[in-house]
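Report on one structure; see the data block that follows.
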Amino acid sequence: AMRSQGYPPEAFSTAVSAADLLDLMRALDYPAYNLYGISYGSRLLMSLMHHFPDEPLVRSIILDSVDTLPEDYNTAYRAEPYLLQQVLFDSVFEACAVNPDCAEAYPVLRARFNALTKELNQSPLELDEYSTIDGDTIYRYFFPFNNAVQNIPYLPRMIDELEQGKMTTLDLIRSYAIPEPATRTYALPEMPESGEELLDLYLDCEAGGDDIQARQIALWDADSKEVADFLRESCDPETAAAAIKITDSNPGIFNHIIIRFADDGILSPNKELNSKLNCTEQYSFRDDFVALEQQLRAAGMPNFFVEETLESINLNSEGCELSVDALTSPTPETYGDYPVLIFNGQFDSLTPPAFAERAAEAIPQAQYVPIPNVWHSILGNNGNCPTEITLQFLADPEEAVDAACTEEMKIEFLQPSTAVEENGEIQMKTNESKPQYVIDLEAAYGLPSQEAFGSAVFFELAGEEDDLED
């Protein structure tokens with residue numbers, strides 16, 4: 001589609017996009033800009049800092065969840081992004097070891113985990129009548145191979161219990177009973193009431209075919225006439241008329257339908273351009289990945305992770321040989337002297353902290369603020385502290401920020417279960433550490449649901465269910 005319009009995909013790159021961004025800034029004609037880039041956006045802004053080191057329009061730059069520069073992937077395929085998952089795995093044990101309460105409750109935790117995996121390989125633990133867990137698959141429930149960051153405070157207790165043959169915490173993790181942190185990763189307006197009516201109408205249509213997802217994605221932000229034409233083609237006349245009445249009076253409402261049925265595609269609606277960027281800036285052109293597999297296995301990565309990683313890389317690099325002559329240039333080593341604030345999550349498995357640390361070393365005026373106990377996408381998703389730091393920085397980008405508030409965000413690991421059996425009754429005790437999560441008792445244990453309460457309750461069943469009280 002791009003080529004037919006006179007825009008060959010090979011002409012596009014992150015560096016070209018950086019130049020486009022600068023052109024846009026000049027066209028908007030504001031006196032100065034504070035630039036914010038998250039994930040790939042950080043790669044774009046680092047490219048701008050390298051190729052345009054003295055741009056007076058740039059007042060400050062914020063890099064959130066720092067990606068690598070594209071050139072870091074190319075000259076030879078690097079195993080680093082995958083090997084860094086092992087670093088993140090080790091970081092859970094390190095976080096426990098430096099936490100006095102965790103270290104006291106769960107001493108020599110890494111050695112105990114190693115012994116546990118060895119024991120489970122010899123004698124797998126029966127989870128239910130259909131499945132068991134061995135030393136390799138236990139990693140599936142452990143960060144970052146399971147990247148549910150909300151599970152991390154529970155992991156030392158899971159190891160402790162499995163050593164005793166107990167599965168209380170493992171069952172919580174397996175049943176997804178630990179709620180995700182409240183985050184907001186995109187800003188789509190709440191679906192209006194008429195959106196539910198539109199969805200019901202659309203479900204009665206017969207839109208289909210191999211290209212249906214591409215056709216839906218092409219209607220993102222489309223005008224009402226294009227949406228109406230699609231509905232007339234896909235629905236019977238009566239249903240189409242009712243649906244068109246809604247879409248004509250609610251511009252953009254069909255976007256909610258697209259998300260419902262084609263949510264994976266809306267992130268990269270131009271497949272041709274997306275493939276080109278992946279091929280020239282992320283996936284390289286080695287004949288095979290034998291060396292990569294050897295590195296992953298030498299690092300002690302679990303078998304399923306090695307196999308799934310190789311499968312993913314091969315799938316994503318399929319067809320990249322067509323772009324072999326469009327590789328990007330070597331990694332830049334110099335950046336403009338702009339004031340830069342860098343955020344990265346302690347447990348970011350998508351853009352690991354090592355990427356942010358490298359950027360902080362290379363960028364002259366960088367202030368790096370690691371954010372404890374969080375994953376990817378910092379600003380706006382993790383309470384007031386990152387916002388307060390950002391406001392300080394924007395008020396005076398040349399001044400050092402006060403990041404003391406991050407101390408209050410540090411991880412608090414759960415202590416061993418505090419439920420005890422006395423006279424055949426269950427005595428409930430709440431965890432005395434800072435409340436973090438609420439357990440869905442129904443999902444975890446088939447017990448009656450309870451209203452959310454201020455601190456989570458942790459227990460072992462020591463009597464009849466009827467004895468359990470709030």
Item to complete: Starting from the C-alpha separation in whole Å, work towards a yes-or-no answer on side-chain contact (heavy atoms from CB on, under 4.5 Å) for Asn255 and Asp221.
Response: CA-CA 7 Å; Asn255 287 353; Asp221 282 341; 2.8 Å; yes

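- Without hydrogens or angle criteria, Asn382 side chain to Ser377 main chain gives a donor-acceptor distance under 3.5 Å.
- Distance CG/Asp348 to CZ/Phe343: 13.5 Å, rounded to 0.5 Å.
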Practice prompt. Give the intermediate values and the outcome of side-chain contact (heavy atoms from CB on, under 4.5 Å) for residues Leu35 and Met25.
Written response: CA-CA 10 Å; Leu35 302 178; Met25 291 161 56; 4.1 Å; yes

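- Of the possible polar contacts, none joining the Ser42 side chain to the Ile38 backbone as a donor-acceptor pair under 3.5 Å is found.
- Looking only at side-chain heavy atoms (C-beta outward), Leu88 and Pro353 come within less than 4.5 Å of each other.
- For Tyr141 (side chain) and Ile173 (main-chain N/O), no donor-acceptor pair under 3.5 Å exists by modelled atom type.
- Here the closest non-hydrogen pair linking Val306 and Glu293 is CG1-CG, 3.9 Å.
- Contact check for Val369 versus Leu341: side-chain heavy atoms found under the 4.5 Å cut-off.
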Do any side-chain atoms of residues 92-108 form donor-acceptor pairs under 3.5 angstrom with protein atoms, and if so which ones, sequence neighbours left out?
residue	atom	partner	partner atom	Å
Asn99	OD1	Asp101	N	3.0
Asn99	OD1	Cys102	N	3.0
Tyr106	OH	Leu414	O	2.8
Tyr106	OH	Gln415	O	3.4

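- With contacts defined as side-chain heavy-atom distances shorter than 4.5 Å, the pair Gln392/Asp402 qualifies.
- Atom CG of Asn114 is separated from atom CD1 of Ile159 by 9.0 Å, given to the nearest 0.5 angstrom.
- Residues Thr137 and Asp134 have side chains that bring a donor and an acceptor to within less than 3.5 angstrom of each other.
- For the atom pair CD of Glu357 and CZ of Phe355, the computed distance is 11.0 Å after rounding to the nearest 0.5 Å.
- In terms of modelled atom types and a separation under 3.5 Å, the side chain of Asn344 and the main chain of Ala356 share no donor-acceptor contact.
- Side-chain contact check for Ser194 versus Ile253: some heavy-atom pair is nearer than 4.5 Å.
- In terms of heavy atoms, Arg297 sits closest to Asn303 at NH1-OD1, 3.0 Å.
- Side-chain atoms of Tyr82 never come within 3.5 Å of backbone atoms of Leu310 as a donor-acceptor pair (strictly under, hydrogens ignored).
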Discussion item. Applying side-chain contact (heavy atoms from CB on, under 4.5 Å) to Ile258 and Phe254, what does each step give before you reach the verdict?
Written reply: CA-CA 6 Å; Ile258 298 172; Phe254 198 75; 3.9 Å; yes

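- At least one donor-acceptor pair closer than 3.5 Å links the side chain of Arg59 to the backbone N or O of Leu394.
- A distance of 9.0 Å separates OG in Ser17 from CG in Leu21, rounded to the nearest 0.5 Å.
- Using a 4.0 Å cut-off between a side-chain N of Lys or Arg and a carboxylate O of Asp or Glu, Asp160 and Arg157 do not qualify as a salt bridge.
- The two residues Val227 and Thr247 have their closest heavy-atom pair at CG1-CG2, 3.9 Å.
- Put simply, the side chain of Leu63 reaches to within 4.5 Å of the side chain of Ile363, judged on heavy atoms.
- Proximity of the aromatic rings of Phe89 and Phe142 is defined here by a centroid distance below 6.0 angstrom, and this criterion is met.
- To the nearest 0.5 Å, the span separating CG on Asn151 from CZ on Arg174 amounts to 13.0 Å.
- Closest approach of Ser39 to His376, counting heavy atoms only: OG-NE2, 3.2 Å.
- A donor-acceptor contact shorter than 3.5 Å links the side chain of Gln367 to the backbone of Glu399.
- Taken from OH in Tyr40 to CG in Leu45, the straight-line distance is 10.0 Å, to the nearest 0.5 Å.
- Checked by atom type, the side-chain pair Thr351/Asp67 shows no donor-acceptor distance below 3.5 Å.
- Side-chain N or O atoms of His50 include none that pairs as donor or acceptor with a backbone N or O of Tyr335 at under 3.5 Å.
- Inter-residue side-chain proximity for Pro144 and Phe347 is flagged as unmet; no heavy-atom pair is nearer than 4.5 Å.
- The neighbour count for Asn384 CG, taken as heavy atoms of other residues, nucleotides or ligands under 6.0 Å away, does not exceed 12.
- If you look at Tyr139 and Phe305, their ring centroids are not closer than 6.0 Å.
- Nearest heavy-atom pair, Ile378 versus Asp64, reported as atom, atom and distance to 0.1 Å: N-OD1, 3.0 Å.
- For Glu55 (side chain) and Leu57 (main-chain N/O), a donor-acceptor pair under 3.5 Å exists by modelled atom type.
- Ser175 and Leu172 get closest at one heavy-atom pair: OG-O, 3.3 Å.
- Using modelled atom types, one side-chain atom of Gln346 and one backbone atom of Asn373 make a donor-acceptor pair closer than 3.5 Å.
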Practice prompt. Under the side-chain contact (heavy atoms from CB on, under 4.5 Å) rule, what do Thr390 and Tyr36 come out as? Steps first, then yes or no, please.
Written response: CA-CA 11 Å; Thr390 300; Tyr36 170 77; over 6 Å; no

